[in-house]
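What follows is a single structure, written as structure tokens, with notes after it.
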Amino acid sequence: MDFQFSKRVPNLNNDVVGEILKVAGDPDIISFAGGLPAPELFPVKQMQKAANEVFEHDGQDALQYTASIGNPKLRSLVKNRMQTHKHISCDVNNVCITTGSEQSIDLIAKMMVNPGDVVLVEKPTYLCALDVFRSYGAKIIGVDMDDDGMKVDTLADTLEKYPEAKLIYTIPNFQNPTGRTMPANRREKVANLASQYDVIVMEDDPYGEIRYSGKAINPIKHFDPDGHVIYMSTFSKILAPGMRLGWIVADKKFVDMFVVMKQSADLHSDNLSQYIIARFMEENDLDAHIQKIRDVYYSRASMMIKEIDEQFPKGVKHSNPEGGMFIWVEVPGNINTMDLFNTCVEHNVAFVPGEPFYPDDVIPGTFRVNFSNMNDNQIHEGIRRMAVAIDEMMNK
Ligand SMILES: Cc1ncc(COP(=O)(O)O)c(C=O)c1O
């Protein structure tokens with residue numbers, strides 16, 4: 001049967017990333033393609049204990065429907081963390097629990113974007129966010145980056161050209177895919193530009209807590225003069241993505257409308273998971289747990305960078321992330337990274353080519369590698385295989 005799907009439904013024949021991840025899933029392949037946290041760091045035992053206690057003490061409530069805005073205890077714990085760790089001025093009414101940041105992105109886009117509306121994004125950016133904006137018919141405009149993230153002068157010029165822009169989507173910490181971080185002066189400028197042009201900033205911060213070197217930088221939301229910034233984060237990278245919980249911090253008026261939109265999306269996020277994470281946070285030292293993640297990722301990132309520096313051909317450049325899960329690599333000489341991907345697969349190693357991360361004109365020769373989910377041997381051997389493949393392509 002021929003289904004008459006809406007215009008929102010993407011063309012499956014164009015699912016390049018799905019195809020890449022399918023190939024990269026072959027067990028013989030060392031895959032730097034995915035973006036998975038290290039599963040050995042999931043706090044399984046502590047989570048099991050928290051879950052048992054929830055069933056024992058709050059079983060009936062935890063299995064019941066709950067408020068769309070989220071579990072009051074979890075919202076309060078998140079609010080405290082936002083104040084102490086992120087220096088965001090907020091109260092519990094500014095916090096809504098979501099079904100991960102992916103839902104936050106989707107609902108905010110649904111609330112703000114009519115077909116043809118302009119959305120500004122970093123170039124390159126998180127490809128699933130691009131898919132969301134496309135699904136609502138946004139006109140997506142890429143803003144150039146440098147090693148310090150989105151160029152704010154270019155952002156200002158772009159806003160001058162598109163003063164009607166509805167959204168600025170940015171990932172200021174250890175950006176996906178580049179691993180780059182925006183310094184404080186740029187963050188403050190973004191907040192002020194948003195106010196000046198009356199445009200909403202979606203500050204997507206799934207990786208901010210996974211800083212393993214350098215000094216923490218206050219979020220854009222910290223500088224928000226008047227409610228134009230929506231801060232989003234998630235338990236996916238600091239606890240467990242399978243529990244599918246994240247949150248937004250925003251102006252109360254925005255949160256009130258967000259909650260109405262969330263009702264029609266899923267009524268509320270998984271109540272049982274909310275109870276369990278709240279209990280986990282009360283009983284455990286979340287900072288100590290995050291420190292373990294930082295230590296492991298630091299070691300893996302350092303190892304991968306060392307291997308890239310030692311093994312990749314001369315002229316190859318890479319980002320130097322201070323946290324997060326990704327390194328961005330730039331190969332000289334107009335190399336098509338889809339072709340490089342195919343050559344790498346022949347050598348049993350995989351990554352994600354740069355193309356799908358670009359909203360518009362693709363910069364050739366770029367790709368993303370993930371280090372969080374691979375052990376030292378896999379990193380050493382995988383980078384060795386990639387080096388051989390890159391060498392082959394560069395000398396073709
Ligand atoms: C930049 C960015 N935003 C959002 C998400 C989605 O996270 P969540 O698991 O909270 O839905 C990811 C996941 O990798 C991401 O990299």
Side-chain angles (χ1 to χ4, degrees), residues 17-18 20-21 24 31-39 41-42 70 74 78 81 95-110 119 121-135 140 142 145 149-150 167-182 201-211 219-221 230-249 258 262 265-266 269-270 273-274 277 290 293 297 319 321 323-328 351-352 354 356-359 368-373:
V17 178
I20 289 168
L21 293 178
S31 176
F32 303 132
L36 304 185
L41 295 171
F42 294 153
L74 186 60
V78 166
R81 224 177 148 79
V95 176
C96 178
I97 303 298
T98 66
T99 305
S101 288
E102 197 61 40
Q103 182 184 53
S104 310
I105 298 170
D106 183 62
L107 286 181
I108 296 167
K110 195 173 183 182
V119 173
V121 303
E122 284 148 355
K123 193 161 82 179
T125 191
Y126 176 47
L127 54 93
C128 297
L130 289 176
D131 289 342
V132 170
F133 297 135
R134 282 191 193 110
S135 77
I140 306 174
M145 301 177 84
M150 189 191 273
L167 295 171
I168 302 168
Y169 172 74
T170 173
I171 309 161
N173 287 313
F174 329 123
Q175 198 237 18
N176 182 0
T178 62
R180 294 168 182 154
T181 293
M182 188 190 279
V201 176
M202 298 169 70
E203 179 176 22
D204 191 9
D205 190 26
Y207 305 104
E209 296 257 28
I210 319 286
R211 173 179 278 283
I220 301 171
K221 181 73 184 156
I230 302 165
Y231 177 88
M232 305 178 260
S233 193
T234 174
F235 290 106
S236 289
K237 318 297 172 182
I238 55 173
L239 281 177
M243 297 182 85
R244 304 305 307 129
L245 289 182
W247 65 90
I248 65 160
V249 185
F258 186 87
K262 186 165 165 58
D266 63 356
S269 299
D270 187 302
S273 291
Q274 295 190 61
I277 289 190
I290 293 172
I293 301 175
Y297 290 8
S319 59
M325 307 194 338
F326 304 109
I327 297 170
W328 188 243
F351 58 86
V352 183
F357 297 103
Y358 286 92
R368 187 192 81 177
V369 278
N370 164 263
F371 51 79
S372 57
N373 194 31

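Hydrogens, waters and symmetry mates play no part in the numbers below; they use all other heavy atoms, side chains included. Start at 1 with the first residue, then count along the sequence. All ligand and atom numbering here is 1-based and tracks the order in the structure.
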Contacts of Thr178 that satisfy side-chain contact (heavy atoms from CB on, under 4.5 Å) - sequence neighbours left out
Pro124, Met145, Gln175, Arg180, Trp328
I'd like the atom pairs linking ligand 1 to the protein - N or O on both sides, separation under 3.5 Å - with distances to 0.1 Å.
| unit_1 | atom_1 | unit_2 | atom_2 | d |
| --- | --- | --- | --- | --- |
| ligand 1 | 3 (N) | Asp204 | OD2 | 2.6 |
| ligand 1 | 9 (O) | Ser236 | OG | 2.6 |
| ligand 1 | 9 (O) | Arg244 | NH1 | 2.9 |
| ligand 1 | 10 (O) | Ser101 | N | 2.7 |
| ligand 1 | 10 (O) | Thr234 | OG1 | 2.6 |
| ligand 1 | 10 (O) | Ser236 | OG | 3.3 |
| ligand 1 | 11 (O) | Ser101 | N | 3.2 |
| ligand 1 | 11 (O) | Glu102 | N | 2.9 |
| ligand 1 | 11 (O) | Arg244 | NH2 | 2.8 |
| ligand 1 | 14 (O) | Tyr207 | OH | 3.3 |
| ligand 1 | 14 (O) | Lys237 | NZ | 2.9 |
| ligand 1 | 16 (O) | Asn176 | ND2 | 2.9 |
| ligand 1 | 16 (O) | Tyr207 | OH | 2.5 |

Which residues pass the side-chain contact (heavy atoms from CB on, under 4.5 Å) test with Ala240, not counting sequence neighbours?
Phe42, Met243
Polar side-chain atom of Thr181 near backbone of Phe174 as donor-acceptor pair, under 3.5 Å
yes
In Å, rounded to the nearest 0.5 Å, how long is the span from SG of Cys128 to CG of Asp106?
11.5 Å
Under the rule for side-chain contact (heavy atoms from CB on, under 4.5 Å), what residues qualify as partners of Thr99, not counting sequence neighbours?
Gln103, Arg244, Lys262, Asp266, Ser269
Among Ile220, Leu167, Ile168, find the one that has a side-chain contact (heavy atoms from CB on, under 4.5 Å) with Met202.
Leu167
